[in-house]
2 protein chains.
Amino acid sequence: MSPLRAKRIHFRTKKYRSPDGLPTDICLFTILSIPRHTKTKSLPHKQLAVLLIKRKSDTFGEQWALPGGFSHESETLDECAYRELKEETNIDRDVHIEQLKTYYKPGRDPRGWIPSVAYVSLVHEELLKHTQANDDASDAQLFPIEEAFALNLAFDHREILTDALQRVREQMLQTTIAKAFLPDEFTLSELLQVIETVVPSFSSKDRGNFERRLLATTRRQGLLEPVLSADGQPVYSTEFSNSPAKLYRFTGFTPTAMIY
Amino acid sequence: MSPLRAKRIHFRTKKYRSPDGLPTDICLFTILSIPRHTKTKSLPHKQLAVLLIKRKSDTFGEQWALPGGFSHESETLDECAYRELKEETNIDRDVHIEQLKTYYKPGRDPRGWIPSVAYVSLVHEELLKHTQANDDASDAQLFPIEEAFALNLAFDHREILTDALQRVREQMLQTTIAKAFLPDEFTLSELLQVIETVVPSFSSKDRGNFERRLLATTRRQGLLEPVLSADGQPVYSTEFSNSPAKLYRFTGFTPTAMIY
DNA sequence: GTAATAGTGTCTCTGAGACAGTATCTC
DNA sequence: GAGATACTGTCTCAGAGACACTATTAC
């Protein structure tokens with residue numbers, strides 16, 4: 001028996017009752033595209049959605065809950081969250097996942113002293129195309145956020161979801177996380193749509209001015225760069241419009257937002 | 001024995017090894033005032049500092065560490081953090097305290113599986129005047145942040161401190177947490193000093209333009225309001241200057257900072 | 001008058017937003 | 001030409017920042 005192990009056991013038997021487990025729970029957000037049946041090519045409607053799983057008959061009966069599971073001593077919390085995310089979605093690529101907050105109050109889990117480390121993950125819908133979440137018979141399902149809030153969620157998951165949504169809205173305006181919902185190369189209309197979908201109050205009402213703000217102001221110089229082909233010409237997309245739209249990508253530079 | 005208790009015990013013996021404790025650790029920041037010996041009244045120099053405690057001879061020897069302690073099943077994490085904060089500082093008033101993040105990786109604490117829920121607290125130095133931290137013989141001491149980073153901190157507390165500082169810097173520019181370091185009523189120079197102390201890169205170089213930005217722009221209308229006396233006249237302070245300076249307070253309104 | 005902070009005036013250039021107009025392409 | 005998106009032009013007013021200037025008070 002190693003000295004380290006001896007020390008641990010000494011510690012455990014000494015003094016404290018300790019938690020009955022430390023699970024991570026994940027608020028996985030995605031943006032669903034709903035095609036509009038228009039006479040010419042058009043941008044789809046977009047809807048912010050969250051992944052929920054139906055709990056097997058346990059203490060919380062058949063309620064919907066955030067996906068998650070217990071962490072192990074041998075892994076970090078990030079690893080646990082990512083492992084759970086992969087188990088639920090079969091995603092194998094790296095996705096945006098970030099710790100939100102740890103929740104505990106007496107009684108939050110009727111099984112005992114079980115805090116929960118909540119994570120927020122943002123995933124492009126494309127990566128969810130072939131996961132259980134799209135199988136109606138599955139216990140996992142994507143819900144538009146208003147519908148999710150209408151459900152009677154297990155544990156304190158409504159509170160977690162509320163906090164997660166607030167965090168994502170703040171970050172959508174102050175960082176470049178919009179990129180989690182976009183392909184590497186995107187048009188300005190797509191970017192604007194993502195922002196408006198996550199933060200309904202943003203609504204710029206004017207694609208033209210949005211474009212100028214992003215491209216013509218020195219404060220934001222370098223936030224976006226046009227995608228160029230081998231011969232230095234801008235690359236256009238006609239995916240959502242007959243009129244070709246310039247493609248952009250994020251550069252990595254993020255201007256600092258401040259109130260003063 | 002209640003059904004709940006029975007269920008818990010069933011759960012505990014079933015399957016999982018669980019953490020050996022869930023402590024909270026606190027990054028308590030304050031701003032120290034260092035008087036300048038000038039010929040007339042002047043603003044003191046300000047320095048951002050963090051509270052550290054010297055660990056008794058345990059696994060980490062005599063290293064400095066963030067204050068903290070184990071949470072109990074009967075309390076929330078916020079309550080635990082606040083309790084620990086009070087124990088270390090004897091503060092009895094409400095102060096700004098906010099959860100930062102939960103840290104765990106295998107081996108972070110040689111005593112076993114012990115994650116740590118980190119908190120950030122911002123406290124006006126006035127409230128620390130009569131605490132252990134000002135007693136040199138005490139095990140608790142305030143360190144200017146550069147000095148704190150020069151120390152070899154226990155556990156992963158350097159990483160926590162780094163994250164905490166980054167969070168405070170972001171929030172200083174995007175929220176009104178500056179109020180945690182200010183009295184209810186303050187002058188614009190005091191506010192500017194607080195911002196510059198926490199975010200050295202802010203340096204506005206021009207008190208005059210700072211004043212106009214805060215008072216004359218519609219976007220920020222209502223961020224600050226002048227303090228008025230009973231007869232509706234503005235109230236002035238001569239605490240830091242022979243020339244009386246108007247006093248302001250935060251209103252509660254916070255403009256939203258955004259990058260788009 | 002001097003030392004320190006408090007505050008104003010003015011000028012220039014950037015930027016935000018309203019609104020209208022033109023362009024592009026498919027059917 | 002209709003339908004949809006993709007821009008560009010123009011005008012006005014707000015705001016950022018540089019810089020210089022005046023004001024206030026104790027000593």
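Remember, predicted model here, so these are calculated numbers, not experimental data. Both backbone and side-chain heavy atoms feed into the values below; hydrogens, waters and symmetry mates do not. Convention: sequence-line order gives letters A, B, ...; per-chain numbering from 1.
- Each of A:S204 and B:S241 was matched to the nucleotide of DNA chain C holding its nearest heavy atom; the match closer to the 5' end belongs to B:S241.
- With 3.5 Å as the limit, one finds no donor-acceptor pair spanning the side chains of B:Q47 and B:H45.
- Looking at heavy-atom distances under 4.0 Å, A:T238 makes no contact with the nucleic acid at all.
- DNA chain C is contacted by both A:T217 and B:F240; B:F240 maps to the nucleotide lying nearer its 5′ end (nearest heavy atom per residue).
- Counting any heavy atom pair closer than 4.0 Å across all strands shown, B:L188 reaches no nucleic acid atom.
- Between C:dG15, C:dA18, D:dA18, one nucleotide has an atom nearer to the side chain of A:R220 than all others, and that is C:dG15.
- OP1 or OP2 of C:dG7 has at least one side-chain nitrogen or oxygen of B:R207 nearer than 4.0 Å.
- Where B:P244 and A:G208 each meet DNA chain D at their nearest nucleotide, the meeting point lying more 5' is that of A:G208.
- Aromatic pair A:F29/A:F181: ring centres not closer than 6.0 Å.
- Taking 4.0 angstrom as the limit, A:R212 places none of its side-chain polar atoms (N or O) nearer than this to OP1 or OP2 of C:dA16.
- Atoms CG (A:L247) and P (D:dA6) sit 11 Å apart, rounded to a whole Å.
- In the set D:dC7, C:dT5, D:dT25, C:dT5 carries the atom at the smallest distance from any side-chain atom of B:S243.
- The aromatic rings of A:W64 and A:F143 sit perpendicular, their planes meeting at an angle over 60°, well past the 30° parallel limit.
- As a whole-Å value, the separation of A:L192 CG from D:dA6 C1' is 13 Å.
- Within the structure, every side-chain polar atom (N or O) of B:R219 is placed at least 4.0 Å from both OP1 and OP2 of D:dC13.
- If you check every strand for non-hydrogen atoms under 4.0 Å, A:K246 touches sugar and phosphate atoms only.
- Ring geometry for A:F210 versus B:Y260: interplanar angle of 30 to 60°, hence tilted.
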